[in-house]
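First the structure, in the form of structure tokens, and then the observations on it.
The sequence lines fix the lettering, A, B, ..., with proteins before strands; numbering per chain opens at 1.
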Protein chains: 2
Amino acid sequence: MQITRAGEYAIMGATCLARRGLGKAVMIHEVCKEEHIPRSFLAKIFQALTKAGIVRSQRGIRGGFTLARPSAEITVLEVLEAIEGKLAFDRRLQEPASCHDTHACTLCDLFTEAQHRVREIMGSTTLADLTRPKAEVMKRIQGGNLHNGNGPRARALQTI
Amino acid sequence: MQITRAGEYAIMGATCLARRGLGKAVMIHEVCKEEHIPRSFLAKIFQALTKAGIVRSQRGIRGGFTLARPSAEITVLEVLEAIEGKLAFDRRLQEPASCHDTHACTLCDLFTEAQHRVREIMGSTTLADLTRPKAEVMKRIQGGNLHNGNGPRARALQTI
DNA sequence: GGTAATTAAGACCTTTTTAGTCCTCTTTTC
DNA sequence: GAAAAGAGGACTAAAAAGGTCTTAATTACC
């Protein structure tokens, strides 16, 4: 019941890029130093994020990584699932065949709801949110007003 | 980001006992057959649940397992944590030292909130709930009225 | 065009966890 | 005391986690 190190590093790395702004290429080395992540491991993670269209890479001298889109349009859920695959609380929710009691399994319902709650908050929090001052973030997260609004946050939520 | 098979089996096994009522000892063999769980694996799991005071065991001929308390007083969270240890969404929430940015880590806040949401629903759902008809359970889970009420459910929630 | 700096890709490795099994011992009932 | 349970510990195979290493492929600059 934990997210993996790779998933955690992905969020940290992407957030680090978010803090630098959209245009500037940041070398993997800098991100590692700042976030205390092993270099070659992060390289691998950023590769995956590149394929997922979350970051953009630039090879050669003066190369590095940038976010592919504004940080306010990238959700934490998106980053996490790019690395770990679709978030599933239990194997039942991945391969429904593994539940024999297919007709009316209340446990499946419980797991589905738990998973939904996690996806909801992860999907409504963007990288931009993580770069904001702590007090603001706390207020937003615990405020519970994740459902309303028309900003990028609401748009992001639609894809869940 | 998944619960383990052991955790899942524990909930299934305990729920199976809940369906049989409080008094009657159920042999491990019966539970396994009913829930499609490997026998020696479930034996191990029930051992742990016994130590945790969730089920009670009876050796010898006509032995077996029963719930140690009424099913309405045992939460799914309790069963899960008896097997998997305290539910932690990320290692940061277990050993805070692993987060270097101790002063104002917004990611820690996000994870804390996600974890809280999972604990909330798992901690407010009892084994008795899982034995009820699907429609009822769905209504309760999604109703969102998990905070009010004075029943065993509210009591259970206090320990979270 | 050469060279240094940078990411890409994938093979490889080590440790830990998962998901069990198996065997022997103890307890309990008949 | 025999038979039928669970208790407990040792063991194992497979998968996942958490990385490392090597060899490209690009790119900027001289």
- Query: Which atom pair, heavy atoms only, marks the closest approach of A/T66 to A/L17?
  - Reply: C-CD1, 4.0 Å

- Query: Is the shortest distance from a Lys or Arg side-chain nitrogen in B/R69 or B/E78 to a carboxylate oxygen in the other one below 4.0 Å?
  - Reply: yes

- Message: Using the side chain to side chain contact (heavy atoms under 4.5 Å, CB included) criterion, which residues pair with A/S40? Sequence neighbours excluded.
- Response: none

- Between the first and last five pairs of the helix from C/dG1-D/dC30 to C/dC30-D/dG1, the angle of the axes, rounded to 10 degrees: 10°

- Message: I need the minimum non-hydrogen distance between B/C32 and B/L42, along with the two atoms involved.
- Response: SG-CD2, 3.6 Å

- Exactly one candidate in B/K134, B/R140, B/K139 meets salt bridge (charged side-chain N to carboxylate O under 4.0 Å, His left out) with B/D129; the answer is B/R140

- Query: Residues from residues 12-20 of chain A sitting under 4.0 Å of DNA chain D, heavy atoms only?
  - Reply: none

- Could you give me the CA-CA distance, side-chain angles and deciding distance for A/E113 and B/M138, then say whether side-chain contact (heavy atoms from CB on, under 4.5 Å) is met? CA-CA 9 Å; A/E113 177 64 18; B/M138 291 289 286; over 6 Å; no

- Under the ring-ring contact (aromatic ring centres under 6.0 Å, His included) rule, collect the residues that match up with B/H29, sequence neighbours excluded. none

- Message: Test: ring-ring contact (aromatic ring centres under 6.0 Å, His included). Region: residues 56-93 of chain B. Which pairs qualify, not counting sequence neighbours?
- Response: B/F46-B/F65, B/F89-B/F111

- Which two nucleotides bound the region of DNA chain C that has atoms under 4.0 Å from heavy atoms of chain B, read 5' to 3'? C/dT18 to C/dC30

- Just call it for B/F46: base, sugar-phosphate, or nothing, with non-hydrogen atoms closer than 4.0 Å on any strand. nothing

- Item | CZ/A/R56: more than 12 non-hydrogen atoms of other groups inside 6.0 Å | no

- Output, in order, the C-alpha distance, side-chain angles, deciding distance and verdict of side-chain contact (heavy atoms from CB on, under 4.5 Å) for A/H100 and A/C105. CA-CA 9 Å; A/H100 295 270; A/C105 178; over 6 Å; no

- Task: Please list, chain by chain and in numerical order, all residues satisfying side chain to side chain contact (heavy atoms under 4.5 Å, CB included) with B/E34, sequence neighbours excluded.
- Result: B/C16, B/R19, B/R20

- Step by step, work out the side-chain contact (heavy atoms from CB on, under 4.5 Å) result for A/I121 and A/I141. CA-CA 8 Å; A/I121 188 166; A/I141 287 177; 3.6 Å; yes

- Message: Quick check on contacts: within residues 23-35 of chain A, what sits under 4.0 Å from DNA chain D by heavy-atom distance?
- Response: none

- Kindly give the heavy-atom pair with the smallest separation between B/R92 and B/C108, and that separation in Å. NH1-SG, 3.6 Å

- Distance col, row B/K86:NZ vs A/M1:CE, nearest 0.5 angstrom, shows 12.5 Å

- Message: Just to be sure I understand the geometry, which residues of residues 78-95 of chain B put a non-hydrogen atom under 4.0 Å away from DNA chain D?
- Response: none

- Item | Residue pair A/E84 / A/T4, side-chain donor-acceptor N/O under 3.5 Å | yes

- Query: Considering all heavy atoms of both residues, which atom of A/G7 and which atom of A/I83 are nearest to each other, and what is their separation?
  - Reply: N-CG2, 4.0 Å

- Return the value, rounded to whole Å, for the distance between atom CD of B/Q47 and atom P of D/dA5. 17 Å

- Under 4.0 Å protein heavy-atom contacts per nucleotide of nucleotides 17-30 of chain D, with B for base, S for backbone only and - for none: SSBB----BBBBS-

- Message: Under a 3.5 Å distance rule, please check whether B/E81 uses its side chain to pair with a backbone N or O of B/L87 as donor and acceptor.
- Response: yes

Considering only nitrogen or oxygen atoms on both sides, find all protein atoms under 3.5 Å from nucleotides 12-14 of chain D and state each distance.
none

- Quick one: list whatever passes side chain to side chain contact (heavy atoms under 4.5 Å, CB included) with B/S71, sequence neighbours left out. B/A18, B/L67, B/L127, B/A128

- Item | Heavy-atom donor-acceptor pair, B/S98 side chain to B/E95 backbone, under 3.5 Å | yes

- Any chance you could lay out the side-chain contact (heavy atoms from CB on, under 4.5 Å) test for B/I74 and B/T126, step after step, and finish with the verdict? CA-CA 5 Å; B/I74 301 174; B/T126 68; 5.9 Å; no

